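Notes follow the structure.
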Amino acid sequence: MDEQCRRDIHFMREALAEAMIAFNKGEVPVGAIVEKDGCIVGRGHNMRETWADPTAHAEIIAIRQAAQRLSAWRLTGCTLYVTIEPCLMCAGAIILGRIDRLVYGADDPKAGAVRSLYRSLEDTRLNHQVVIQEGVLAAECADLMRRFFRRLR
């Protein structure tokens with residue numbers, strides 16, 4: 001296992017910890033981490049129900065926190081780790097924030113805008129493309145979602 005793979009697993013475990021916080025709050029268990037130069041500069045987990053805010057996705061929260069901490073809206077040099085494939089809104093935020101790299105766990109066949117339904121981060125018509133690594137700890141990420149939705153039923 002190379003260094004990048006170890007690093008991806010480490011930060012995805014951090015994103016899974018955020019997803020578990022959401023799970024325990026009764027939120028859809030998605031967690032996100034923004035990393036730059038080996039340091040976590042943003043964290044987030046879904047808060048849509050708690051905040052009654054349709055935009056309170058894990059990725060948006062983590063990106064906002066990273067931008068505040070770095071005092072910059074351009075998040076070049078950053079990697080976003082997220083447990084589930086981002087939706088179209090979050091993919092847009094990744095592009096607008098100029099995030100260099102996305103690492104995600106499980107696919108989202110119903111709303112995924114990175115590979116499942118759309119390939120928005122690779123669209124050359126846009127002014128920014130993102131390097132994508134999919135499937136990191138995918139089984140663990142998908143299992144947490146399954147447990148959450150089984151609990152609802």
Side-chain angles (χ1 to χ4, degrees), residues 1-48 50 56-70 72 74-123 128-152:
M1 183 182 309
D2 70 0
E3 181 58 32
Q4 186 62 63
C5 187
R6 279 193 289 279
R7 183 181 180 132
D8 287 349
I9 289 169
H10 168 74
F11 287 113
M12 187 58 75
R13 289 204 188 286
E14 292 287 332
L16 273 164
E18 287 294 320
M20 197 65 210
I21 294 169
F23 181 93
N24 291 330
K25 290 179 177 178
E27 296 277 355
V28 174
V30 179
I33 297 291
V34 177
E35 172 268 331
K36 183 172 183 161
D37 300 327
C39 297
I40 295 172
V41 295
R43 293 179 171 272
H45 55 271
N46 274 0
M47 292 291 288
R48 290 188 316 169
T50 303
H57 288 206
E59 300 96 320
I60 301 297
I61 294 166
I63 289 168
R64 283 180 179 155
Q65 189 178 96
Q68 288 178 336
R69 284 204 177 134
L70 297 173
R74 286 183 189 90
L75 299 176
T76 53
C78 291
T79 298
L80 174 66
Y81 292 85
V82 62
T83 55
I84 303 298
E85 178 183 5
C87 71
L88 199 51
M89 175 184 69
C90 294
I94 292 165
I95 292 165
L96 292 172
R98 309 299 196 271
I99 292 172
D100 289 344
R101 188 165 175 260
L102 168 70
V103 178
Y104 74 89
D107 291 334
D108 184 350
K110 294 184 178 181
V114 175
R115 294 277 163 83
S116 295
L117 298 179
Y118 306 100
R119 290 174 118 29
S120 57
L121 300 185
E122 299 169 298
D123 191 329
H128 182 71
Q129 285 77 49
V130 179
V131 175
I132 301 161
Q133 175 64 54
E134 60 189 300
V136 175
L137 301 180
E140 292 176 46
C141 295
D143 182 61
L144 186 57
M145 292 291 276
R146 273 192 295 276
R147 285 180 25 219
F148 176 78
F149 286 107
R150 237 189 328 257
R151 189 173 77 174
L152 284 181

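Since this is a predicted model, take the numbers as computed values, not measurements.
For the pair N46 (side chain) and V28 (backbone), a donor-acceptor distance under 3.5 Å is present. When atom types are taken as modelled, the side chain of K110 and the backbone of L117 share no donor-acceptor pair closer than 3.5 angstrom.
Under the rule for a ring-ring contact (aromatic ring centres under 6.0 Å, His included), F23 has no partner lying at least two apart in sequence or in another chain.
I60 has its side chain within reach of M89: a pair of non-hydrogen atoms, C-beta onward, lies under 4.5 Å apart. Between D123 and R119 there is no side-chain heavy-atom pair separated by less than 4.5 Å. Counting heavy atoms from C-beta on, the side chains of H45 and E27 never come closer than 4.5 Å. Side-chain atoms of H57 and V30, non-hydrogen and from C-beta on, never get closer than 4.5 Å to each other. Residues V114 and E134 form no side-chain contact, since every pair of their non-hydrogen atoms from C-beta on lies 4.5 Å or further apart. Annotation: side chain of P29 is not in contact with side chain of M20 (no heavy-atom distance under 4.5 Å). Side chains of T79 and F11 form no contact here, defined as non-hydrogen atoms less than 4.5 Å apart.
Closest of all the heavy-atom pairs between R43 and I61 is O-CG2, 3.8 Å. Of all non-hydrogen atoms in A19 and L144, the two that sit nearest each other are CB-CD2, 3.6 Å. Closest approach of C141 to I84, counting heavy atoms only: O-CD1, 4.1 Å. Heavy-atom minimum distance, R146 versus A139: NH2-O, 4.3 Å. Heavy-atom minimum distance, L80 versus A32: CD1-CB, 4.1 Å. The two residues I95 and S120 make their nearest non-hydrogen contact at CD1-O, 3.7 Å.
Here the CD1 atom belonging to I40 is positioned 4.0 Å from the CD atom belonging to E14, to the nearest 0.5 angstrom. Atoms CD1 and CZ, on I99 and R74 in that order, are 14.0 Å from each other to the nearest 0.5 Å. Remark: I94 CD1 to L121 CG distance equals 5.5 Å, nearest 0.5 Å. We find the CG-CG distance between D8 and D2 to be 8.5 Å, quoted to the nearest 0.5 Å. R6 CZ to E3 CD: the interatomic distance, rounded to the nearest 0.5 Å, is 5.0 Å. Note that CD1 of I33 is 5.0 Å distant from CD of E18, once rounded to the nearest 0.5 Å.
Every pair passing side chain to side chain donor-acceptor pair (under 3.5 Å) that includes a residue from residues 82-100 is listed here, sequence neighbours excluded: E85-S116.
Counting heavy atoms of neighbouring residues, nucleotides and ligands inside a 6.0 Å radius, atom CZ of F148 exceeds 12 of them.
Each of R101, R7, H10 was compared with E35 under the side chain to side chain donor-acceptor pair (under 3.5 Å) criterion, and only R7 meets it.
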